[in-house]
Structures are given as C-alpha cells and as structure tokens.
2 protein chains.
Amino acid sequence: MSTLKTLDRGLRALDIVSRRADGISVADLALDLEVDRAVAYRIVATLEQHGMVLRLPQDGKLVLGAAVLGLERRFEPQFRRRARPLLDQLARQAYATAFISVAQQDKCAAILVSEPEDVLIRVGYRVGSTHAISKGAAGIAILAGRPPADGEPPEVTQARTSGFSLTKGALQQGAIGVACPIGGGTYEASVGVVAMEDLDVDRAIDTVKSCARALSALLTGAAQVTRDTV
Amino acid sequence: MSTLKTLDRGLRALDIVSRRADGISVADLALDLEVDRAVAYRIVATLEQHGMVLRLPQDGKLVLGAAVLGLERRFEPQFRRRARPLLDQLARQAYATAFISVAQQDKCAAILVSEPEDVLIRVGYRVGSTHAISKGAAGIAILAGRPPADGEPPEVTQARTSGFSLTKGALQQGAIGVACPIGGGTYEASVGVVAMEDLDVDRAIDTVKSCARALSALLTGAAQVTRDTV
DNA sequence: ACAGACTGTGCGATAAAAGTAAAGAGTCGT
DNA sequence: ACGACTCTTTACTTTTATCGCACAGTCTGT
C-alpha cells in the first residue's frame, strides 16, 4: 500500500507543530522534519491555507490553527453523542473512570472518557492519550476483538475467550483496568474502566460487558436494542 | 507563496471526510476531489497511516480517525485555559453568549464560546463555525485590528476608530453582535458577545472592551496585568 | 551601520506522483 | 454455482510537481 511522501510530511509537520504549545519557527520545523527550509515553507504555506496552522505575527512562530477545531467538532459526532450517556452510566455503576478507546496502528487511543462523580479518588484518563496496543486492558481488548492471530500474546487469547481483559498496574502503578471489545471487532474499539486497587472487579466486569453490548448495538445500527441491553 | 498540491489534496480529502457524518467511500471521495481513484487510495492510505481517517470495516467507508482528537487537545491549550474564565465572566456580565474568533483566510472562525447561565433565551454559537470575515461583528473587529487598508468597508474603519464593531442581524435575524479586536491585531482575533434584540448595548460594549484588554494582555505575555484590567 | 540569523522566492534537475491498465477480492443476483 | 459487477490494490510508464540550491529581503542586536 503506497503512500504519498508530500502528504506524509505535511501531516508530520502538523503533528510537530501541535506538540509545541509555545510555537515553533519554520526553521526549527525544517530541522525536526529533516527537510530543506524551502520545503518547510511550502508545507507551512499549504497548512496555513487550510487553517490547520497559523503564524503568530509577533514572532512568526507556528501554532495550530482553528481548522483543527472544525475537524474535532465533526469527529464521529453521532457516535460520541450516542455513546456518551452509556459511558456516563458505566462510570456511575462501576464507581470508576470509564473510557472508549480505538486502535490507531500499533497504538491505542482514548476517544471518550467519563469520570464518576460521587467517588473520592478517581483515576484520570485523558481523551486523546495513547499507549502501546499490547499494553493495558483497552488495547488487549481491541486485539481480542480481532480474529485470532498466531503469535499473539496469551492474554489476548484469554481475553477473547473470556470476553474481557483485565490488567493490574500495566500502565499505572496501582491501577486496575477492565475492558471489552466493542463493535464486534469491526470498529477496532473497546470500552472499559480504570480505577485504583479497591475496584470491585467482578461488578466491573459485568457492567463493562453490559455496556460493551449496548455500544456494539449502536455501532452496528441496531439502536433500538440499546434500551433492552442496558 | 507556493503551496504543495499533494498536501493540499490530502487536506481537502480530510475536510471532505469530516463533513460526511455517515462516512464516504473512496470512490466518492475521488469524485469529490476530482482525482483518479488510484490517487484517492494513496491519499487515504497516507491519512490512515497517521490516524487522521479510518475505514469502517463493515462497509469500507471513511470516517475521521482518532488523531484529530489528539490535535484538538493540543490546540493552544494554554490560551484556551487562560482565556476561558475571562470569557465566562464576560458572558455573565453581559448576559449574552460570549465568543472568541480568529481569522482564517477570508473566514472568521469561533474558537471558544461561553454561554451565560442565568438567562432564559440565549443565542447559540458553535465552536468551529465560520462565516465571511467581512460579515458580522467578530470578523469586522478582526479587520479593524489590522492596519488600515484602502478600499476596506466603512464599518471596519469606524470600528477601528471606536474600538468596537456592532452589527444587527448581520448573521442571524434578530441578533445583535458586539466585538473588539484582541491581541493588538497581531493575533488576528476578536472577542465579543451576541444576543437577541434586548441586549443592553452600552453595557455590552464596555464589558467586551474590558475583556478584550484582558485577553490582549494574555496574548502578549503580560499576564500579570490581567487582574488589574478585568 | 554592520553582522548574523531568519524569512521568503526563482529555477533547473530529478525524484515523486499521476494515470493508465490489469489483476485479485468481495458481493449480488440469477 | 456461476458470472457480472464494483471495489481495491499493484505494476509500470509518463508527466510534472517537488526538491534543494542559491540569492534577495527583513529584522535584531551590537
């Protein structure tokens, strides 16, 4: 599957700019991208034209433009809107931080997070944060949603059998994560909860499984099933 | 200032995908972009590699990927974080929906919105929405922040003199907008309020001006001035 | 005023993308 | 079950968009 070098560089440039909260000069961007400055200028001009980046006229530094907000606003709006209440319910029922994650190459990214309200200490999990897909309950659940592959880690196989994945301290010392694949594996996503060691694991597994069924129904268009499964 | 055709197409593709809430096939994308299907496949492969789009395995349709969420999370985080309380205050004081907008070529895009809480009817203004920069108070205020240009509309010149712009029904029947440029024009942004006809205009002008001073201080790094100017 | 760093811009050589064509994969209807 | 269809992907040649050099303009600080 061939890709486009110019587009690839542009997207990498966008990523670099996004990671510099205080801006970056075109010259520095060129260094980071390992391209000639002239190339960087053309990339910037194109990104600028689309509003993806803008230049602070005070010092010429590049920062993200307003267009990224437009994109974010359109990101699976109906999915988020429909998934949100289910996730909130899950967080309340499990007394834990609930999240939905999707596969992104070999990474696993949280796209929606809900924190319980009536809990003293809760685990924070930021939307957009990523970790290796083979680490952590969320990623393992996603892998378990895929068809069995030889050479896959044993915990993935086990998660596929049991219908959920459970990790302790995989991503964070003292944290327990429980997750289930959603969308029947077709969406490459998972839903789960993460909490401190005092998590009621059995209860959490049940509630996460239930929520996963409801979300899967949403993703496959069988919305009317939701009320029953929740 | 030359731009890159390949990158431009990729960004256009991203925009097209983002506007189709229910997904779009590669073939349709190729039609919209007016490129050969083979080209569209290469663009999609590149965007996919960066997580900007993903393909629904159920029907192969393209939707926005999780990477856009990562971008949004990094969009001027410190600016938003610091601007938010000021905007909330403005909304409360003016009893109107307050917003911050930035220039984006010949468009004007809202990047931050705050709605008042103790008001019965409020005007909605969505983050990311755009309109022509020469229409509406927000855009005119931005233009007024730029150095005078000959051939500019008279309302821009007037706004530059008076320090604010005022429009009635320019974008929405029955709505009044008041806005001031911020960042001394260097940021190409404006702050303002929008409300129904019952807006206390004089009061609104004062509060918006005051907020604009505070925000300008934030943008130019003179953060310690904020408390005094608010 | 000058040095130095940064910013922006033509232009020819060349690598990269476009545009064929054609094969493999999956779907649908008969 | 079979063929017709669309979608997807790859291989290869042609075209052209991009690269990267060099040069000019701009700003900053000394």
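In what follows, every chain begins at residue 1, and chains take the letters A, B, ... in the order their sequences are listed. Hydrogens, waters and symmetry mates are skipped; everything else that's a heavy atom, side chains included, is used. Since this is a predicted model, take the numbers as computed values, not measurements.
Nearest heavy atoms, A159(A) versus A144(A): CB-CB, 3.7 Å.
By the 30° and 60° cut-offs, the orientation of the rings of Y125(B) relative to H131(B) is parallel.
In the set dT10(D), dT18(D), dA18(C), dT10(D) carries the atom at the smallest distance from any side-chain atom of A38(B). For A27(A), taking side-chain heavy atoms from C-beta onward, the closest of the listed nucleotides dT7(C), dC7(D), dA17(C) is dT7(C). Of all nucleotides listed (dC7(D), dG19(C), dG8(C)), dG19(C) comes nearest to the side chain of D36(B).
Taking atom CG of L7(A) as the reference point, atom P of dA17(C) lies 9 Å away to the nearest angstrom. Protein atom CD of E48(B) is 12 Å distant from nucleotide atom C1' of dT8(D), rounded to whole Å. For the pair Y41(A) OH and dC19(D) P, the computed distance is 15 Å after rounding to whole Å. As a whole-Å value, the separation of R37(A) CZ from dT7(C) C1' is 7 Å. If you take CZ of R9(B) and P of dT16(D), they are 12 Å apart, rounded to a whole angstrom. As a whole-Å value, the separation of L62(A) CG from dT7(C) C1' is 12 Å. Look at NZ on K5(A): it is 4 Å from P on dA16(C), rounded to the nearest Å. Distance D28(B) CG to dT8(D) P: 10 Å, rounded to the nearest Å.
An OP1 or OP2 oxygen of dA17(C) is reached within less than 4.0 angstrom by a side-chain nitrogen or oxygen of T6(A). For the OP1/OP2 pair of dG8(C) and a distance below 4.0 Å, the side-chain nitrogens and oxygens of R55(A) include at least one atom meeting the criterion.
Between L4(A) and S25(A), the residue anchored closer to the 5' end of DNA chain C is S25(A), taking for each the nucleotide with the nearest heavy atom.
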Requested in this report: Start with the C-alpha gap between R20(A) and D32(A), add the side-chain angles, then the distance that decides, and say whether salt bridge (charged side-chain N to carboxylate O under 4.0 Å, His left out) holds.
Outcome: CA-CA 12 Å; R20(A) 302 290 197 93; D32(A) 271 24; 3.5 Å; yes
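Put simply, the side chain of K61(B) does not reach to within 4.5 Å of the side chain of R55(B), judged on heavy atoms.
In summary, the side chains of D8(A) and H50(B) do present a donor paired with an acceptor at a separation below 3.5 Å, with no hydrogens or angles considered.
Applying the 3.5 Å distance criterion, the base of dG20(D) shares a donor-acceptor pair with the side chain of R42(A).
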